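The block underneath contains the structure these notes are about, expressed in structure tokens.
Only this structure's heavy atoms are used, side chains among them; waters, hydrogens and symmetry mates stay out. Counting starts at 1 for both ligands and their atoms, following the listed order. Because the structure is predicted, anything quoted here is derived from the model rather than measured.
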Amino acid sequence: MYYLRDFVSKEPVHPDNLVFTGETTPWEVVMDLDSIKSKMNLDYFRQAPPNLLKYLPLLPIEKQAEFITLREAATPLLKSRKLGRNLGVELYLKVEGKNPTGSFKDRGTAVEISVAREKGAKAIILASTGNMAASCACYAAAAGIPCFIMVPEGVPPGKLSQVLAFGGHIVQVKGTYNDAADLAYKIAEEMGFYLAGDYAFRLEGAKTAAFEIIDQMLFQVPDYLVVPIGCGTNIGGYYKGFMDYYRLGLIDKLPRIIGVQAAGAQAVVNSFEQKTNKIETLASVNTLASAICVSNPLDGLKALEAINSTNGYAISVTDNEILAAQHRLAKEEGIFAESSAAATIAGIQKLIEQDKIEAHKKVLCVLTGDGLKDPQVVLKAAIKPPTIYPQTKDFLSLYENGFFDGKSMVFVEKTDTLFANSPSKADITRELQNLFAAHYSDEYVDKIELSLNKMVQKGKTITISDFQDSIQGVLESPRHIKADVFSVVDFFVDTAKDKKANAKVKVKINNTEYAGSAEGTGPVDAVIKALTHACHETLLFKLVDYKVEIRGQGTDANVYVEMKLQKDNGSSIGSGTSPDIIQASIEAFAEAYNGFNV
Ligand SMILES: *Cc1c(COP(=O)(O)O)cnc(C)c1O
């Protein structure tokens, strides 16, 4: 029914373990399509609704009744309502994030895990930090096979929570991703485990998406198919799926296949542009689109074949273009796709601008994963929502000041310097307009100016991200305070190695000065205790919450502090932003204190 061969030499291979790839070259499954065709009822096949089980005859599965399915595939194919019209093409979106674990990986995993069980695997092993791991852990759980996942040490646990939920065994490896992958390979060979990942059987599952698209489009072929490339397995699968349908006589042409990579991880794009048939491993990779952040695409040659033999393109897009496309897709269509998936939208925007995709063509973008897989990434561009007191007038103040008319996201390099010196009010108004399309009232601009000047006084040059922090700080500060009852006149901290910190503060409450001093386990602790000490007489409150967030990079990064004070009749939250954590804490304290007087 099928055999395995090396993708490069085309020589058949006969593994005696459960590792289905060469050490340096990928392998492929070759199905006996003529024999399949002779047994298939193609008329029935044309009419049956799309579903992975329908495609079983075209998959390398021997015991079809035991196929492990969680109702992957049959994902929505949506015709764009707005985005396509705005771009001038007939746009279709294949929403692969609707698979059981939130990415297209489930198609390939269903096949891999079914093959592993057919072949009597004791366990599954793989190296991955993301969607592949989640998908394999899920299907291994469904099949009742233990699943081991090698990850490089230091991967954020949040990325692996889905794996842990499915009972996957995570092992952290001291080394890089490649070290983890090499180890998985060796353990699989030695222990007889099934090596899961971007190997021969996975691509067979991936190809069902091509069948499904043709079925859903009632056997019309789109002009262009756009797929993000990580390892290249998925795009290779699409090409193979279209070829299978072509050879079965179900379609009479292929779409032109376009592969999109992130500019920080564009190994396949490099080969395409240099017109070579070799993939050079990248020395380093860098993109926030983690699912396509790959230095050494295992199936890169399959990706090149898909693109070159359909007269397609490979193109790269920057992280900011990806974030902007993700937002645009969500806002114009109501589809929240993972950043790696949204790269396809960024890619077609570019190709349309370059006249490489002509007007009115049928363009199908494959949205490989759900945005909920990595919702954090959105925050990189988003302006934090304002916080108000539960008073209609606070909301109206934002509404009437045009806050909601400005942009809620900005897609620029946040580390670029905006102001090297103290900005004037006019500078601030201009940049508010430039960056955020925002016009704020004088009251806001004055406060922003004050907060930026405080940063400059601390010796900081103002970057775009600092500007954003300062705007947020101002938006979040309580309005309608009659007058600041409380202010910090000055502070002084003494701290040294292996010693308690000592703080002295001078504060003004209703125009009377008070002094306070205290020791603490660290400078912030000492200052807060000193402040509490200084206003002990006037207000009986407790510090119930203290949060710190470092915004930006480097030792001069802004520190954002949020603090909650509690009195018997309620609580008040204040926040402060400064490159100096003590100053940020003091501002937060003052704001929270004054909040009681709203
Ligand atoms: C894995 C993955 C990709 C990359 O697919 P490859 O088969 O590695 O090229 C793209 N997007 C998402 C969401 C993924 O999970």
TODO: With sequence neighbours left out, write down each residue that passes side-chain hydrogen bond (donor to acceptor under 3.5 Å, both in side chains) with Gln349, or none if nothing qualifies.
DONE: none
Could you list each nitrogen or oxygen of ligand 1 that sits under 3.5 Å from a protein nitrogen or oxygen, with the atom names and the distance?
{"from": "ligand 1", "atom 1": "7 (O)", "to": "Thr233", "atom 2": "N", "distance (Å)": "3.3"}
{"from": "ligand 1", "atom 1": "7 (O)", "to": "Asn234", "atom 2": "N", "distance (Å)": "2.9"}
{"from": "ligand 1", "atom 1": "8 (O)", "to": "Cys231", "atom 2": "N", "distance (Å)": "2.7"}
{"from": "ligand 1", "atom 1": "9 (O)", "to": "Gly230", "atom 2": "N", "distance (Å)": "2.8"}
{"from": "ligand 1", "atom 1": "9 (O)", "to": "Cys231", "atom 2": "N", "distance (Å)": "3.2"}
{"from": "ligand 1", "atom 1": "9 (O)", "to": "Gly232", "atom 2": "N", "distance (Å)": "2.8"}
{"from": "ligand 1", "atom 1": "11 (N)", "to": "Thr368", "atom 2": "OG1", "distance (Å)": "2.7"}
{"from": "ligand 1", "atom 1": "15 (O)", "to": "Lys105", "atom 2": "NZ", "distance (Å)": "2.7"}
{"from": "ligand 1", "atom 1": "15 (O)", "to": "Asn131", "atom 2": "ND2", "distance (Å)": "2.8"}

Open item on the list: Students often mix this up, so state it plainly: with edges at 30° and 60°, are the rings of Phe272 and Tyr313 parallel, tilted or perpendicular?
Closed with: perpendicular
TODO: Could you check whether the rings of Phe193 and Phe148 sit parallel, tilted or perpendicular, using 30° and 60° as the cut-offs?
DONE: parallel
Task: Stacked cation flag Lys10 on Phe7, 6.0 angstrom / 45 deg - done: yes
- [ ] Could you tell me whether Glu189 and Lys186 make a salt bridge, using a distance below 4.0 angstrom between a side-chain N and a carboxylate O?
- [x] no
Task: Heavy-atom neighbours of Arg71 CZ exceed 12 at 6.0 Å - done: no
